[in-house]
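Everything on this sheet refers to the single structure shown next.
Sequence lines set the chain letters: A, B, ... in the order given, protein chains first and strands last, and positions in each chain run from 1.
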There are 2 protein chains.
Amino acid sequence: MVKKNVPKKLDLSYLESLMGYNARRAALSIIEDFNIRMVEIQLKPVEFSVLSLISRNPNISAKEICSALFILPPNIVSILKSLESRDLISRQVDEKDKRQIALSLTKNGKSLIKKAEKLAMQSDQLTTQHITPSEREQLIFLLKKIYQAAA
Amino acid sequence: MVKKNVPKKLDLSYLESLMGYNARRAALSIIEDFNIRMVEIQLKPVEFSVLSLISRNPNISAKEICSALFILPPNIVSILKSLESRDLISRQVDEKDKRQIALSLTKNGKSLIKKAEKLAMQSDQLTTQHITPSEREQLIFLLKKIYQAAA
DNA sequence: TATTGTTATACTCTATAACTATA
DNA sequence: TATAGTTATAGAGTATAACAATA
């Protein structure tokens with residue numbers, strides 16, 4: 001008789017009592033679903049966030065994106081390059097301060113972010129389907145309190 | 001980590017309505033505090049989790065750690081090597097199944113994880129000090145519901 | 001001098017294929 | 001054949017230093 005591979009019961013109680021452990025595990029499982037859903041439009045989480053931010057804040061600068069999304073300046077460069085090469089964003093040098101470059105969505109970018117935000121919202125609904133809408137609101141409220149207090 | 005200042009008023013409302021965005025931001029800010037506090041005992045989050053897991057589950061195998069903490073088998077190797085080189089864990093080949101290696105804490109490991117768990121709990125208390133104890137319980141309960149439903 | 005954007009680069013984290021030894 | 005652990009390696013993510021153009 002072949003022994004069945006039953007997963008051994010492990011004591012995870014201490015780790016599960018820590019906020020950091022639970023927040024990270026939840027974030028990873030949510031982002032995993034997000035990534036699966038975004039395969040069809042080829043957007044990574046950070047690319048999605050950047051596009052969505054530009055969409056709602058036209059003529060935003062790279063520095064402002066970095067501050068808002070906690071991206072280091074050297075790391076935004078390849079992200080913007082990639083989005084520009086896909087004709088999703090365009091850059092226009094600020095004539096008043098030629099150091100700054102105003103970013104905006106192209107027609108393609110506007111079309112894609114519209115679809116992407118729908119997919120993201122679907123993913124969000126799916127990953128939170130086991131809690132009630134009011135629990136979901138409460139959860140987001142408390143998460144914000146944690147990271148906004150740290151800022 | 002990036003400096004935290006958002007000088008200009010940017011519209012982040014859409015991203016802040018997504019669970020994934022908020023969970024990730026909260027996890028990152030909590031882990032940032034954890035890392036600062038753990039500098040003195042030189043433990044990364046994953047090393048801490050592994051030590052704590054071995055502490056509460058003596059003779060656990062590498063495979064079991066990987067399953068519990070979502071670490072891929074090739075990536076646990078260097079973690080265990082490092083912990084062993086610091087004389088924090090010891091390995092003993094299972095005589096019944098020589099493929100398996102039972103892991104346990106050394107005297108040093110037991111001493112260190114005791115201190116580490118105190119520091120981790122302090123960090124957890126600090127990062128959740130702006131919410132009430134019952135809100136904290138509710139938050140952990142809801143986060144668990146999200147990632148355990150996905151598993 | 002200070003700031004925005006950039007290059008180069010390094011270090012960490014995560015992922016895949018394939019090997020070994022044991023069963 | 002299957003499993004536990006390992007090696008090698010590649011890709012992604014994140015970090016610092018230093019530079020050019022502009023203010």
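The nearest whole Å value for the distance from the CG atom in Leu72(B) to the P atom in dG5(D) is 14 Å. Counting to the nearest Å, the C1' atom of dT6(C) and the CD1 atom of Ile79(A) are 14 Å from each other. Rounded to an integer number of Å, the gap from Ile31(B) CD1 to dT14(D) C1' is 14 Å. One can place CD1 of Ile76(B) at 14 Å from P of dT7(D), the figure rounded to the nearest angstrom. In this structure, Leu28(B) atom CG and dC13(C) atom P are separated by 13 Å, rounded to whole Å. In this structure, Asn35(B) places its CG atom 13 Å from P of dT14(D), rounding to the nearest Å. Atom P of nucleotide dA23(C) and atom NZ of Lys63(B) are separated by 17 Å, given to the nearest angstrom. For Asp94(B) and dT3(D), the CG to P distance is 17 Å, given to the nearest whole Å.
For the pair Asp97(A) and Arg99(A), the salt-bridge criterion is met [side-chain N within less than 4.0 Å of a carboxylate O].
Ranking dT6(D), dA4(D), dT7(C) by closeness to the Val77(A) side chain, first place goes to dT7(C). Nearest nucleotide to the Lys98(A) side chain, out of dT7(D), dG5(C), dT22(D): dT22(D). Closest contact between the side chain of Gln100(A) and the listed nucleotides dA4(D), dT4(C), dT16(D) involves dT4(C). The side chain of Arg99(B) approaches dA23(C) more closely than any other nucleotide in the set dT16(C), dA23(C), dG5(C). The listed nucleotides are dG5(D), dA8(C), dT7(D); the one nearest the side chain of Lys81(B) is dT7(D).
Regarding contacts with the backbone of dT6(D), a side-chain N or O of Arg91(B) is found under 4.0 angstrom from either OP1 or OP2. Side-chain nitrogen and oxygen atoms of Lys44(B) include at least one within less than 4.0 Å of the OP1 or OP2 phosphate oxygen of dC13(C).
Proximity of Met121(B) to Leu18(A): side-chain heavy atoms (C-beta onward) are separated by under 4.5 Å at one or more points. Side-chain contact between Ile146(B) and His130(A) is absent, with no heavy atoms from C-beta onward closer than 4.5 Å.
Note on Phe48(A): it clusters hydrophobically with Leu69(A), by side-chain heavy-atom contacts below 4.5 Å among ILVMFWY residues.
As judged by a 4.0 angstrom heavy-atom cut-off over every strand, Ile71(B) is placed among residues making no nucleic acid contact. As judged by a 4.0 angstrom heavy-atom cut-off over every strand, Asp97(B) is placed among residues touching the sugar-phosphate backbone only. At a threshold of 4.0 angstrom between heavy atoms, the contacts of Ile101(B) are confined to the sugar-phosphate backbone, with no base atom among them.
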Apply side chain to side chain contact (heavy atoms under 4.5 Å, CB included) to Ile31(A) and Asn35(A), showing your working. CA-CA 6 Å; Ile31(A) 290 166; Asn35(A) 283 329; 3.6 Å; yes
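Place Val46(A) and Glu95(A) on DNA chain D by their nearest nucleotides, and Val46(A) ends up nearer the 5' end. Between Asn75(A) and Arg24(A), it is Asn75(A) whose nearest contact on DNA chain C lies nearer the 5' terminus.
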